[in-house]
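Report on the structure given below.
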There are 2 protein chains.
Amino acid sequence: MQISKGVEWAVHAAALLNGLPAGRGLKAEALARYHGVPAPYMAKQMQALSKAGITRSSRGAHGGYRLARPADQISLWDITAAVDGKGPAFRCTEIRQNGPCGLKPKDCKKACQIAAAFAAAERAFRESLAVISLADIAGQVVDDASPEHLTAIMQWLGKEAEPLSDSQS
Amino acid sequence: MQISKGVEWAVHAAALLNGLPAGRGLKAEALARYHGVPAPYMAKQMQALSKAGITRSSRGAHGGYRLARPADQISLWDITAAVDGKGPAFRCTEIRQNGPCGLKPKDCKKACQIAAAFAAAERAFRESLAVISLADIAGQVVDDASPEHLTAIMQWLGKEAEPLSDSQS
């Protein structure tokens, strides 16, 4: 089973956006630099988050990303689904209908037991991520960080955060 | 998130092996034909199951696969891990150590909260599959099948199953 690498980047980036002062945003390029990852790939994840309504972006000289809603209303599942898709990890191809003893489509109205078992497991995975919010993650990061590290992050954000031209806050 | 297509094939094939009479086996080619899928790819999944100790194979003219232990001792997680690997789906690359505010390795002895959250979700997925055995799946298939369909499967198995030259049973 594989989760796209972009999910890790997107969760870290969203957690950083949670530390922004009101009315400020961060460009994808700055998010990439902060995390030491390639800018085009970080930009791709941020576009996926915006498309899913998790972040908002404003364009132009004072463009940048910020969270579109409070961090306690954004779950790790929201971010995973935005970047990696909501589709099932186990894709049933109905092979029970194949071959010399294949079932007829009319006898396959009930989901295959194998597909149903994987769907239940994926539901357990999803529900586990859905109860953890970005606020939970950010809170744990703050709890674990030294005062010097938190100061360094806030100073970096103060220097890099752009005032958003279309900000309502 | 994606699960390898081979997992579906391997679970269906293992469920069919459970229907074999004692001392008989099925060649990968017959398993592929039964499921209407390409033989080389089915052979690959069967090799993975054998490597993991889920199936046993005997070679030669009377070669074939059979389950290596009772179906109630083979879980869907066993088969998934055999085909798709046991490694984490979320691969933490420690990006918290990157960039201008990166943590030092000595400050990263505790797992990143983000990686820990995904590890917990994957544990939930794994545990959900670990409590469903191949015997459960086979029992449900039998419960749902018509008598005519079960007869057709048993007739096909009777025709295709090979006596195993190294069988102990």
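These values consider heavy atoms only, across backbone and side chains, with no hydrogens, waters or symmetry-generated copies. Quick caveat, the model's predicted, so the values are computed rather than measured. Quick note on labels: first sequence line is chain A, next is B, and so on, each numbered from 1.
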* Asked: Which of parallel (below 30°), tilted (30 to 60°) and perpendicular (above 60°) describes B/Phe125 and A/Phe125?
  -> perpendicular

* Asked: Side chains of A/Cys112 and B/His12: closer than 4.5 Å at any heavy-atom pair?
  -> yes

* Heavy-atom pair with the smallest gap, counting every atom of A/Ile137 and B/Gln113 -> CD1-O, 3.8 Å

* To do: With sequence neighbours excluded, tell me which residues meet side-chain contact (heavy atoms from CB on, under 4.5 Å) with B/Glu127.
  => B/Arg123

* **Interface moiety of A/Lys110 toward chain B, non-hydrogen atoms closer than 4.5 Å** => side chain

* Structure fact -> Okay, A/Arg91 and chain B: the region with an atom under 4.5 Å from a heavy atom over there is both

* To do: Compare all side-chain heavy atoms of B/Asn98 with those of A/Tyr34 and state whether any distance is below 4.5 angstrom.
  => no

* Structure fact -> Of B/Gly85, B/Cys92, B/Gly102, B/Ala120, the largest count of non-hydrogen pairs under 4.5 angstrom with chain A goes to B/Cys92

* Structure fact -> Checking heavy-atom separations under 4.5 Å from chain B, one finds in residues 152-160 of chain A A/Ala152, A/Ile153, A/Trp156

* chain B contacts, top residue of A/Pro100, A/Gly99, A/Ala32 (heavy-atom pairs, under 4.5 Å) -> A/Pro100

* Where does A/Asp144 contact chain B at under 4.5 Å (heavy atoms): side chain, backbone, both or neither? -> side chain

* Residue among B/Gln97, B/His149, B/Lys5 with most heavy-atom pairs under 4.5 Å to chain A -> B/His149

* Taking every heavy-atom pair that is under 4.5 Å apart, which of B/Ala121, B/Ser128, B/Ala117, B/Gly36 has the most such pairs with chain A? -> B/Ala121

* Structure fact -> Taking a cut-off of under 4.5 angstrom between non-hydrogen atoms, the residues of residues 129-136 of chain A near chain B are A/Leu129, A/Ile132

* B/Tyr41-B/Leu26 co-clustered via ILVMFWY side chain contacts under 4.5 Å -> yes

* Asked: For chain B, which residues from residues 73-84 of chain A have at least one heavy atom closer than 4.5 Å to it?
  -> A/Leu76, A/Thr80, A/Asp84

* How long is the span from the CZ atom in B/Arg96 to the NE2 atom in A/His35, to the nearest 0.5 Å? -> 12.5 Å

* Name the member of B/Thr93, B/Val37, B/Val141 that forms the most heavy-atom pairs with chain A at distances under 4.5 Å. => B/Thr93

* Spatial distance of atom CD1 (B/Ile114) from atom CD (A/Glu8) [nearest 0.5 Å] -> 7.5 Å

* Report the option among A/Ala124, A/Cys101, A/Gly87 that has the most heavy-atom pairs separated by less than 4.5 Å from atoms of chain B. => A/Cys101

